[in-house]
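Remarks on the structure that follows.
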Amino acid sequence: MSKFKKGKKGKELPPISTASLPDIVFMLLCFFMVVTKMREADIKVRTKVPQITELRKIENKSLNSFVFIGPPSSQYQAQLGNAPRIQLNDAFAKPSDIMAFANQRRAEIEDAKQRNEMTVSMKVDGEVKMGLVTEVKTELRKANMRRVFYLGNKRSEKK
Amino acid sequence: MADKKIPEINAGSMADIAFLLLVFFLVTTTIQTDAGLYQLLPQWVEEKSDVEPPKKNKKNVMQVKITASNQLIVEAGKQSAQINFDVLSLKNRTIEFLTNNGRTDDLSEKPTMAVIILQNDNGTSYDTYLKVLNELNAAYNTIWNQASKDKHGVAYDALTKEQQDEIKMKYPKVLSEADATDFDKKK
């Protein structure tokens, strides 16, 4: 008992030092700075991807290109309507643009060996009709960019 | 001199500045968690060859069709076509077809001979298509995993490249996509 009394009667509690607080915050800051990757292209189409189970991580992100397909997001709908569109890089595109896009991406990669490992991630809205997707797939085959990831969200396995 | 000390710089606001920066990065961060279903598209051939593809025994072929109204039609081997098939039971049906090993006469003789043909319509929704493709891939992954556990006692992902290839030789993934039908044009 005396132990407790001593503490209360004696000196006041020293104030908690906040001197190390900036250090902690800076540590967090550094962590976020390292993991942050600013989004290169703002996405102009709505893509609500389907839920699937057999997901695989994209191995080498620098070798990966994105193709977005979906209805234009709300600020573009006034001009473009609701029909699904393809987005490459920063702009809307036609299926015939994919060839040039693929060649441009290929030219960016110096190592010839890595060119064969290039992948394409298709982020496609679930509502899109397959006609458009098939057209894109055909163009990708013609451009010899045949490694495709269909992006999806994880669906937990039904028991 | 002794009483003219340089006053200590107040570091109290340091935390505030750091917090501000922290919040900025928190907001702009998008930790990338992109993952997807992998598929290697077949090579593009400029002209359709006149050579007929080798005839397959009908019992070694499983046809999966998705109609324009997102219905699933499954025709496994010589068994009659099942209309309005449930996507969630497709995986087990595929495994049953692939690993039949000649047990019943109307499904595949050997996994190495089995072929799956997927056909969709131009009006099929991507959601349905991807779910079907997912189930078919899930069937193969399950078979591979099972084979791996039987032989090596570990999951398929934990195997070396050579061991994986060995299993893939035994259960090759022959999943081909037929040209899409076009329901709208037929009308």
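Throughout, a chain's letter reflects where its sequence line sits, starting with A, and its residues are numbered from 1. Because the structure is predicted, anything quoted here is derived from the model rather than measured.
- B:Q43 CD to A:N144 CG: the interatomic distance, rounded to the nearest 0.5 Å, is 5.5 Å.
- No single ILVMFWY cluster, assembled from side-chain heavy atoms under 4.5 Å apart, contains both A:V67 and A:I58.
- With a 6.0 Å radius and a threshold of 12 heavy atoms from other residues, nucleotides or ligands, B:K58 has its NZ atom above the threshold.
- Side chains of B:Y126 and A:E127 form no contact here, defined as non-hydrogen atoms less than 4.5 Å apart.
- Contact annotation for A:V133: only side-chain heavy atoms (C-beta onward) come within less than 4.5 Å of a heavy atom of chain B.
- The greatest number of non-hydrogen atom pairs below 4.5 Å with chain A, out of B:A180, B:S125, B:A68, is found for B:S125.
- Side chains of A:L55 and B:L37 form no contact here, defined as non-hydrogen atoms less than 4.5 Å apart.
- With chain B as the partner, the residue from A:M130, A:K129, A:Q51, A:M145 showing the most heavy-atom pairs under 4.5 Å is A:M130.
- Taking hydrophobic clusters as Ile, Leu, Val, Met, Phe, Trp and Tyr residues chained together by side-chain heavy-atom distances below 4.5 Å, B:Y171 shares a cluster with B:I116.
- Using a 4.5 Å cut-off on side-chain heavy atoms (C-beta onward), B:K131 and A:R155 make contact.
- Neither the backbone nor the side chain of B:I17 comes within contact range of chain A; no heavy atom of the residue lies under 4.5 Å from a heavy atom of that chain.
- In terms of heavy-atom pairs under 4.5 Å with chain A, the best-connected choice from B:I66, B:N134, B:V23, B:N122 is B:N134.
- The hydrophobic clustering, which links ILVMFWY residues whose side-chain heavy atoms are closer than 4.5 Å, places B:V87 and B:V64 together.
- In this structure, B:V61 is not a member of the same hydrophobic cluster as B:L107, with clusters built from ILVMFWY side-chain heavy atoms closer than 4.5 Å.
- Residues A:T134 and B:N120 are in side-chain contact: their nearest non-hydrogen atoms beyond the backbone lie under 4.5 Å apart.
- Residue contact with chain B, scored on non-hydrogen atoms closer than 4.5 Å, is absent for A:N153.
- Tested against B:L41 for a side chain to side chain contact (heavy atoms under 4.5 Å, CB included), the candidates A:T138, A:L140, A:V120 yield a single pass: A:L140.
- Taking the charged nitrogens against the carboxylate oxygens, B:E177 and A:R141 have no contact shorter than 4.0 Å, which rules out a salt bridge.
- The residue among A:F26, A:F149, A:Y150 with the most heavy atom pairs within less than 4.5 Å of chain B is A:Y150.
- Atom CD of A:E110 has 12 or fewer neighbouring heavy atoms from other residues, nucleotides or ligands inside a 6.0 Å radius.
- Under the 3.5 Å distance criterion, with hydrogens and angles disregarded, a donor-acceptor pair is assigned to the side chains of A:E54 and B:N141.
- The most heavy-atom pairs under 4.5 Å with chain A, out of B:N137, B:D16, B:L22, come from B:L22.
- Counting heavy atoms from C-beta outward, A:V148 and B:L40 have side chains that stay 4.5 Å or more apart.
- Closest heavy-atom contact between A:L151 and B:L130: O-CD2, 4.1 Å.
- Both the backbone and the side chain of B:Y38 come within less than 4.5 Å of a heavy atom in chain A.
- Follow the hydrophobic side-chain contacts under 4.5 Å out from B:F97 and you never reach B:I117; the two are in separate clusters.
- When the shell of 6.0 Å around NZ of A:K142 is examined, it contains more than 12 heavy atoms from other residues, nucleotides or ligands.
- Around NZ of B:K65, the count of heavy atoms belonging to other residues, nucleotides or ligands within 6.0 Å does not exceed 12.
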